[in-house]
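Please read all numbers here as calculations on a predicted model, not as lab measurements. When a ligand or atom number is given, it counts from 1 through the structure's own listing order.
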Amino acid sequence: MDFVNVLDIGGDGIAEVVDLAAKLKADPSSVAGTRSGMRVGLFFEKPSTRTRVSCEVGTAELGAQPIVLKNDEVGLGTREAPQDVARVLERYLDVLAFRVFDHRNLELMAEHAAAPVINLLSDLEHPCQALADLLTVAEHRPLRGASIAYVGDGNNVAHSLMLAASSVGASVTVAAPPGYEPNEAVVEQARAGAIGGAEITISNDPASAVAGVDAVYTDVWTSMGSERETEERRSLFVPFRVTEELFERAGPDAIFMHCLPAHRGEEVTDGVMEHSRSRVFDQAENRLHAFKAILLHLTA
Ligand code: CP
Ligand code: NVA
């Protein structure tokens, strides 16, 4: 089984992994060393702090060995076709966890290798992030019936969040500037996979999107690889900044979430980042527990 798209493990799988991640957080020693001898390849075509470190530490905590591959040495799709890279690496490694620009490269790897392929972020999805996001919401209130407003760019993080949340019964409203809404096919997939009356709503109005919700979520206005668009995006996205005033429109005990890294003063103010109900650093910690849980799930 792969984890290239968050729904690869199904809604039940997502619920199980989030549950397991919560258990591992409460008692990390319960699984220490249980994957001794396993080798996990980690590869990054783009920069990373949380993913790189949480994956290395999580792998080691399970007793497995992380092997970090060098982007310029592998040359995914330039030096060697992704499917060949995958077929070679699975002769040495048990799990292939890759961060890539082009989602298609992950699909090619998954199609050609029997070893589990894990998406550590692509242009289309960030499924490991979504697991940590759901764990963070679950620490606040039950997922079924929860409401999340995602304000900003309809990007990879928004896609995986919509797909994962709706599959466990949580509603997501995305408020994005016109032209920056999430991919329509992903929106339809999230709606099709929704359970328990969860709704996916796409809007261009941040104030109404956040009204009364349980969690307000944002991400950078310009994702890695799109830096050329930074200036043209900035003016369009200013009305989508999560300010204290916008955050106050959410439910009285709503939490603030951000996958990080944050650009303070752009998509979110310092005041919201440092708010007593900001959960961004718990969310970052949860990447570790979620990665261990998905590794256990895929290699059971
Ligand atoms: N949230 C996240 O994926 O962070 P990194 O890019 O630092 O890994
Ligand atoms: N949407 C961001 C997430 C970074 C973790 C990006 O792709 O750059």
> ligand 1 and Met224, any nitrogen or oxygen pair closer than 3.5 angstrom?
Replying inline: no
> Is the centre of the Tyr217 ring less than 6.0 Å from the centre of the Phe256 ring?
Replying inline: no
> Looking at Glu266 and Arg234, does any basic side-chain N land under 4.0 Å from a carboxylate oxygen?
Replying inline: yes
>> Under a 4.0 angstrom heavy-atom cut-off, which atoms of ligand 2 come close to Leu260?
In response: 5 (C)
> How does Leu121 reach ligand 1, by side chain, by backbone, by both or by neither, if only non-hydrogen atoms under 4.0 Å count?
Replying inline: neither
> Which part of Leu121 is near ligand 2, with near meaning a heavy atom under 4.0 Å away: side chain, backbone, both or neither?
Replying inline: side chain
> Under 3.5 Å, is there a donor-acceptor pair linking the side chains of Asn156 and Asp123?
Replying inline: no
> What is the closest protein heavy atom to atom 8 (O) of ligand 2, and at what distance does it sit?
Replying inline: Met224 N, 2.8 Å
> Between atom CD1 of Ile118 and atom CZ of Phe43, what is the distance when rounded to the nearest 0.5 Å?
Replying inline: 15.0 Å
> Would you call Glu73 and Arg79 a salt bridge, taking side-chain N to carboxylate O under 4.0 Å as the test?
Replying inline: no
>> Please list the nearest protein heavy atom to atom 7 (O) of ligand 2 with its residue and the distance rounded to 0.1 Å.
In response: Asn156 ND2, 2.8 Å
Below 3.5 Å, can you tabulate the donor-acceptor pairs from side chains in residues 187-196 to any protein atom, sequence neighbours excluded?
unit_1 : atom_1 : unit_2 : atom_2 : d
Glu188 : OE2    : Arg191 : NH1    : 3.3
Arg191 : NE     : Ile200 : O      : 3.1
Arg191 : NH2    : Ile200 : O      : 3.0

>> Side chain, backbone, both or neither: which applies to Lys46 and ligand 1 if a contact is any heavy-atom pair less than 4.0 Å apart?
In response: neither
>> So, regarding Ser223 and ligand 2 (criterion: nitrogen or oxygen to nitrogen or oxygen, under 3.5 Å), is there a contact or not?
In response: yes
> Which protein non-hydrogen atom lies closest to atom 4 (O) of ligand 1, naming both residue and atom, and how far is it?
Replying inline: Arg50 NE, 2.8 Å
> By number and element, which atoms of ligand 1 are closer than 4.0 Å to a non-hydrogen atom of His126?
Replying inline: 2 (C), 3 (O)
> Any ion pair linking Arg233 and Asp153 (charged N to carboxylate O, less than 4.0 Å)?
Replying inline: yes
> Can you list the ligand 2 atoms lying under 4.0 Å from a non-hydrogen atom of Asn155?
Replying inline: 1 (N)
> Which atoms of ligand 1 sit under 4.0 Å from any heavy atom of Arg287?
Replying inline: 1 (N), 2 (C), 3 (O)
> Heavy-atom distance to atom 7 (O) of ligand 1: which of Asn156, Thr49, Val53 wins?
Replying inline: Thr49
>> Measuring from atom CG of Leu24 to atom OG of Ser30, what distance do you get when rounded to the nearest 0.5 angstrom?
In response: 5.5 Å
>> Name the residue from Lys292, Glu285, Arg287 that meets the side chain to side chain donor-acceptor pair (under 3.5 Å) definition with His289.
In response: Glu285
>> Please work out, at 4.0 Å between heavy atoms, whether the side chain, the backbone, both, or neither of Arg99 comes within that distance of ligand 1.
In response: side chain
>> Is it the case that ligand 2 has an N or O less than 3.5 angstrom from some N or O of Asp219?
In response: yes
> Do Arg264 and Asp270 meet the salt-bridge criterion of a basic N to acidic O distance under 4.0 Å?
Replying inline: yes
